[in-house]
Protein chains: 2
Amino acid sequence: MASSGTGPRRVTIDDVAQAAGVSRQTVSRALNDKGEIGVSTKQRVLDTALALGYRPSRFARGLVRQDTVSVGLVIPDLLNPFFTEVAAGALEAARDRSWHVVVYDTGDRAEEERATLEVIASQVDAVVGYLSLPEDEIDKLTRGLPVVLIDREHRTQRFSSIRIDGESGVHAAIRHLTEAGHRHIGMLDHAERSEPSIRHRWFDAAMSACGLDASSVARADQSVEGGEDALQELLGRYPGITAVFTFNDIIAIGALRAARRTGRQVPRDLAVIGFDGLRLGTLVEPPLTTVALDTRRLGALAVEQAARLLTGGGPPHADELTVRTELRLRESA
Amino acid sequence: MASSGTGPRRVTIDDVAQAAGVSRQTVSRALNDKGEIGVSTKQRVLDTALALGYRPSRFARGLVRQDTVSVGLVIPDLLNPFFTEVAAGALEAARDRSWHVVVYDTGDRAEEERATLEVIASQVDAVVGYLSLPEDEIDKLTRGLPVVLIDREHRTQRFSSIRIDGESGVHAAIRHLTEAGHRHIGMLDHAERSEPSIRHRWFDAAMSACGLDASSVARADQSVEGGEDALQELLGRYPGITAVFTFNDIIAIGALRAARRTGRQVPRDLAVIGFDGLRLGTLVEPPLTTVALDTRRLGALAVEQAARLLTGGGPPHADELTVRTELRLRESA
DNA sequence: AGCGGTACCGTGAGCGCTCACGAGAGCGGT
DNA sequence: ACCGCTCTCGTGAGCGCTCACGGTACCGCT
């Protein structure tokens, strides 16, 4: 599985000790900058250690002084800017705790996720991230490991999760559109697990609160291309649409491109509002209006919750587990 | 430093063994799905393990069967799409080897990089990434650990590095511009370590090969805003400029924005060519012409080289350590 | 009864390191 | 000469786990 093979035995602390004519403990002292050691001996030990190519075993060290924590961060696709930002937030929070973060990119494949969880269980102290496997399977694979899910509903008490509260944000978005005179608003939903997404439910609620019909929906892959295709389909099926709300910014950007390609001016001919508030949205033309949330906080909260689970700290306040959203007006709507 | 404190002793394999009325070995067999164990005993052991909340120590396990490798990936800013892609490449290559990747984001601060390297030395088997500290300091902090630098020149034999060969790509870019009639071409260089970058040297060489003057240069921070500011400055100092080549795509995108803001049409009034070939470049308006390289391969090669260093494999061919570039024509030039 | 074989399970050792302790040397003070 | 103390270094134990053994029970067969 790895490097060892039948190669030469690794250089241990005892080898160094013997070569330098001292005891293990003295070598340890030299390497860890502890006191209780003469300067000349220290230098001699350090030299021989270097000469022998000695490198302490992190396992042996970790075994005795149990002071390092590492979390596994599992995400479907690091190249998706949304997950990148989540990861960045997690890394930052981990750094504050001097935790180590082992990152796994599953490529959005269930099989990879399974394999990752399998191997992760024996490598980290907690798991954090976007998991898509069924709960019972996750439970089985992680065997008691603390698990923090991000943006996912779950039934069992077995897991924690960080939630996104998009209700008010989506509401504000739809209200904004109606105030601009839009009556026929469509949505590009994400195609996950056949059932409609939570974001779609927020859309439904907001639409009916405004007395509008929310049935103009198309499904999109979570990619720019997916957004392009889906907008084409949506406009084909419901030609009267003057505005779209999308599952996320990536899809919205696809919609922007498709709109341009079909000769529509945004927002004049078609208003577009995304979801996530990615930085990327400021770079496209026109800059994307979006229901923004603090993505980095999403990752940060996840590791903080993992920390609580690990130390057995009390249950957190609900708002420590949810991030709120707000409408961020730019130029696409 | 971490969770332990004076908390209750952790549950060990012996605790489980005692509670289940069996030996350690039997517990081990149950947990690792080895044979030589009765089904009923196995179930009983598994149950008590779950009940006690037992989780095997990765250190103890790693110590005895030394079969897990992990690399530390150090990058200045995960949110910079370039580094994101490099990281993705590294993750993928690591997955192929079933290695673990511990990611550290230094935020481009020397102090963080130092702290990271310090802690990394006792946590991983090799270090890979973008390091900006002086060589001797890196050497001191990593103490014999295999280190693979990306896109950085180095003097000592102590390190390996993955190089970018931008010469032909930049040449093609400049040639493309001259063939389009441009005579006055500027560059937005990155402001690192006061000396001009290697990319700037390629620019110099390509310009003089075309018989042009390469002195119109401004320095930019490695961000969109940095690119905006720098283009303003460049156009202020050299008003005759009709085309710019930039240190990277991020800066180029800033240039695009600044051009639009100042009422210039790209590429009609100003041609822009970036460097890196980020996906992001396809999303901006107009799509960015760029000197493209395989960023993900950059990361992948780095971990592959780390693997060679770890196994003491022979020296690689030179082209296994460099990635080439090519001009990718889109619409900004 | 005796034998080999199979299915289970336990025992010692050891992975490489650090921690708590103790030991010796040297030195000054009384 | 004695005690104290400081500085330096070594020794046993143990972190939690797996591996290579060795042992017991029970089966069927000659």
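Naming convention: chains lettered A, B, ... in sequence-line order (proteins, then strands); numbering from 1 in each chain.
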Taking only N and O in the side chain of B/Thr26, is any of them less than 4.0 Å away from OP1 or OP2 of C/dC9?
-> no

Quick one: does B/Gln66 reach the base of C/dC15 with a side-chain donor-acceptor pair under 3.5 Å?
-> no

In whole angstrom, what separates B/Arg65's CZ from C/dG16's C1'?
-> 17 Å

To the nearest Å, how far apart are A/Leu31 CG and C/dT18 P?
-> 8 Å

May I ask you to decide if A/Phe82's main-chain N or O and A/Asn80's side chain share a donor-acceptor pair within less than 3.5 Å?
-> yes

Is any side-chain nitrogen or oxygen of A/Thr41 closer than 4.0 Å to OP1 or OP2 of D/dC9?
-> yes

Separation of A/Arg24 atom CZ from C/dG14 atom P, in whole Å?
-> 14 Å

Nearest whole angstrom, please: distance from the P of D/dG12 to the CG of A/Asp14.
-> 13 Å

Main-chain N/O of A/Ile164 paired with A/Thr322 side-chain donor or acceptor, under 3.5 Å = no

Output for pair (B/Ser57 OG, A/Gln66 CD), nearest 0.5 Å, gives 7.0 Å

Across the strands shown, which category fits A/Lys34 at heavy-atom distances under 4.0 angstrom: base, sugar-phosphate, nothing?
-> sugar-phosphate

So, the side chain of A/Arg44 versus the backbone of A/Ala20: is there a donor-acceptor pair under 3.5 Å, distance only?
-> yes

Any donor-acceptor pair under 3.5 Å linking the side chain of B/Gln305 with the backbone of B/Ser160?
-> no

Within the modelled atom types, does a donor on one side and an acceptor on the other bring the side chain of A/Glu36 and the base of D/dC7 under 3.5 Å apart?
-> no

Quick one: which of A/Thr26, A/Asp33, A/Asp47 gives a side-chain hydrogen bond (donor to acceptor under 3.5 Å, both in side chains) with A/Lys42?
-> A/Asp33

Has B/Ser28 got a side-chain N or O lying under 4.0 Å from the OP1 or OP2 atom of D/dC19?
-> no

Nearest-nucleotide pick for B/Leu63, side chain only, options being C/dT18, D/dT8, C/dG16 | C/dG16

For B/Ala121, does its backbone N or O pair with a side-chain atom of A/Arg55 as donor and acceptor, under 3.5 Å?
-> no

side-chain hydrogen bond (donor to acceptor under 3.5 Å, both in side chains) partner of B/Thr142, the single match among B/Glu118, B/Glu137, B/Arg158 = B/Arg158

In whole angstroms, the gap separating C1' of C/dG10 from CD of B/Gln18 amounts to 15 Å

Nucleotide C/dT18, atom P - distance to CZ of A/Phe59 in whole Å | 15 Å

For B/Arg95, does its backbone N or O pair with a side-chain atom of B/Ser98 as donor and acceptor, under 3.5 Å?
-> no

A/Pro56, nearest nucleotide to its side chain (from C/dG16, D/dT11, C/dC17) = C/dC17

Quick one: does B/Arg58 reach the base of D/dG16 with a side-chain donor-acceptor pair under 3.5 Å?
-> no

Nearest-Å distance, CG (B/Asp67) to P (D/dT18)?
-> 11 Å

What is the nucleic acid contact for B/Ile37, judged by heavy atoms within less than 4.0 Å: base, sugar-phosphate only, or nothing?
-> sugar-phosphate

Kindly indicate whether the side chain of B/Arg29 and the base of C/dG10 share any N or O donor-acceptor pair separated by less than 3.5 Å?
-> yes

Rounded to 10 degrees, the angle between the two terminal axes of the helix from C/dA1-D/dT30 to C/dG26-D/dC5, each from five pairs = 60°

Want to settle it: does B/Lys42 or A/Ala60 sit nearer the 5' end of DNA chain C, counting the closest nucleotide to each?
-> B/Lys42

Tell me which nucleotide among C/dT18, C/dT11, D/dC17 gets nearest to the side chain of A/Ile13.
-> C/dT18

Report the distance from atom CG of B/Asn32 to atom P of D/dA20, rounded to the nearest whole Å.
-> 14 Å

Of the nucleotides C/dG10, C/dC15, D/dT8, which has the atom closest to the B/Ser23 side chain?
-> C/dG10

Syn within 90° of 0, anti beyond: D/dG4 is syn

Consider the side chain of B/Gln25, meaning its heavy atoms from C-beta on, and name the nucleotide among D/dG10, C/dC8, C/dG10 that approaches it most closely.
-> C/dG10

